[in-house]
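In listed order, ligands and their atoms are each counted from 1.
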Amino acid sequence: MVEIPASGIRRVAIVGGGPAGATLATLLARRGLDVVVFARNKRPPLVIGESLVPAVVPYLRELGIEPEVASYSTWKPGATFVLDPSDHMSFTFAQVRKAVTNYSYNVPRDLFDESIRQAAIRAGAKLFDVTARLERQGDTDRLRLSEETLAATQGALSGQPDLIVDASGRVRLIANALGLPTETGPRRDTALFAHLEGVPLVCEGHVHTDRMDRGWCWRIPLPGRVSVGLVVPSDFIRGFGDTIEEQYDNYLRKDGTTGAWGSSVKRLTPVLKYTNYQLVTLRGAGPNWVLVGDAFGFIDPVFSSGLLVGFDAAALLAKTIGTPSARGFEVYEKHVKDHLRAWHRVVGYYYNGRLFTLLKLGNTVRHTLLGRVMNWHFETHLPRVFTGEATTRRYSRGLLHFMTQYGLARNDPSRLQVK
Ligand SMILES: Cc1cc2nc3c(=O)[nH]c(=O)nc-3n(C[C@H](O)[C@H](O)[C@H](O)COP(=O)(O)OP(=O)(O)OC[C@H]3O[C@@H](n4cnc5c(N)ncnc54)[C@H](O)[C@@H]3O)c2cc1C
């Protein structure tokens with residue numbers, strides 16, 4: 001676990017200026033710490049992760065960027081799930097009782113990431129467009145910044161920092177450097193995504209999740225375009241062409257659900273590919289380092305949980321570093337692992353069909369006497385999956401697990417499973 005220097009943690013180096021790294025930098029700089037961020041600005045033409053759950057909005061307020069984010073994003077009032085070509089369920093966040101926030105945004109990620117980086121700069125963090133390199137100290141688990149990396153800060157860091165934070169996202173700089181143990185999820189999917197024009201929507205602004213013949217697809221409305229991502233078993237999608245463009249265009253046209261509109265859309269961007277993303281690092285901190293954001297773990301795109309996990313972790317980590325103790329870092333590590341584990345279970349209920357079997361059953365029984373009594377209770381807690389709160393509130397989480405195990409009556413969940 002983290003060894004706290006006698007003088008406390010004063011100087012922090014953060015590797016990665018994505019949402020998790022830049023949020024942490026903002027909160028630490030506001031606490032008066034010296035913060036250097038290695039924010040390499042080399043990004044793919046499109047950045048993935050455009051749908052925010054409502055539970056993210058309080059973090060945008062805390063960073064002071066919500067009006068700016070609203071100015072270039074699409075207002076997101078709810079979520080729509082297409083279960084079959086002729087069957088869908090739509091939820092508005094306003095329906096979710098006592099929700100922290102009843103709306104959210106779909107964000108162009110290049111602009112969104114820049115808004116958070118600017119917040120970090122305003123707070124006093126020093127950002128450098130540099131690729132940081134780390135070295136292991138002997139055969140210990142301690143790390144240090146390479147001499148060139150230190151030199152690139154032009155004196156902002158005159159010596160090694162008290163703490164190195166890995167916010168490098170899928171690069172997972174520290175986990176790879178130290179060979180940290182990891183846990184992978186059960187899915188072996190490939191996500192192919194691009195921005196399209198002419199995509200129809202069931203509900204304006206909603207993030208759409210369409211169950212396909214194999215896998216599923218997202219439709220995220222952005223200003224002037226729709227982000228469409230196919231999340232499909234890797235061995236299956238390879239049969240649709242030699243290039244990822246062929247695979248994407250062909251499957252979109254041929255699938256039983258997206259085929260209805262897949263031929264009449266225009267692709268505006270190249271296709272990007274993501275694989276092997278269900279990955280959690282089992283150790284979140286060491287003697288002079290700690291992990292945050294995707295560098296710690298990411299579960300699955302289906303409920304747009306990635307940024308929420310990153311913001312939540314960054315906020316707790318800022319408090320932990322601000323008043324450091326070995327116990328505090330243990331609590332941090334456990335909190336993030338628990339959060340990821342909770343999403344892991346919830347995501348499983350989407351793929352095995354249990355969540356939507358339960359929600360459809362709820363729609364049927366709400367007309368019975370018992371249904372009317374129970375309905376209020378379930379409507380308060382179950383749709384919190386879509387606002388992001390089902391994993392952070394213990395009661396909602398427990399009720400969801402209980403009901404998906406024991407509340408399906410005689411209904412067969414495999415009818416709604418995602419293959
Ligand atoms: C298919 C897919 C779909 C997704 N959809 C959603 C969604 O709709 N909603 C959602 O909330 N989440 C989604 N996510 C997850 C989301 O994209 C991530 O959780 C989020 O971007 C993580 O933020 P981060 O700051 O941890 O990492 P990143 O955003 O990856 O940022 C890391 C940064 O570190 C930089 N970096 C790496 N190495 C170095 C180095 N050595 N030196 C300097 N800089 C370095 C990188 O260039 C990058 O800028 C999705 C993920 C996938 C795989």
If you have a sec, work out which protein heavy atom is nearest atom 13 (C) of ligand 1 and how many Å separate them, to one decimal?
Gly49 CA, 3.4 Å
Ligand 1 contact by Val15, heavy-atom criterion under 4.0 angstrom
yes
For ligand 1, is any non-hydrogen atom under 4.0 Å from Val309's backbone (N, CA, C, O), its side chain (CB onward), both, or neither?
neither
Nearest candidate to atom 16 (C) of ligand 1, where distance is taken over non-hydrogen atoms, out of Arg109, Gln278, Lys42
Arg109
Geometry only, no angles: is Arg170 polar-contacting ligand 1 at N/O separations under 3.5 Å?
no
Strictly below 4.0 Å, N to O, side chains only: are Arg211 and Asp84 in salt-bridge contact?
yes
Among Gly229, Gly169, Ala295, closest by any non-hydrogen atom to atom 27 (O) of ligand 1
Gly169
Below the 3.5 angstrom mark, is there an N/O of Ala20, backbone or side chain, next to an N/O of ligand 1?
yes
Ligand 1 contact on Ala22 by region, counting heavy-atom pairs under 4.0 Å
neither
Any N or O of Ala132 closer than 3.5 Å to N or O of ligand 1:
yes
Does the distance from a Lys or Arg side-chain N to an Asp or Glu carboxylate O, for Glu3 and Arg142, drop under 4.0 Å?
yes
Any nitrogen or oxygen of Pro19, main chain or side chain, under 3.5 Å from a nitrogen or oxygen of ligand 1?
yes
Out of Phe128, Phe193, Trp218, Phe298, whose heavy atom is nearest to atom 50 (C) of ligand 1?
Phe298
I'd like to know if the side chain of Asp255 reaches the main chain of Met212, judged simply by a donor and an acceptor atom lying under 3.5 Å from each other, with no hydrogens or angles considered.
no
Centres of the Phe81 and Phe386 rings: under 6.0 Å?
yes
Does Val207 come within less than 4.0 Å of ligand 1, judged by its heavy atoms?
no
Are Lys42 and Asp129 ion-paired here, with the side-chain N under 4.0 Å from a carboxylate O?
no
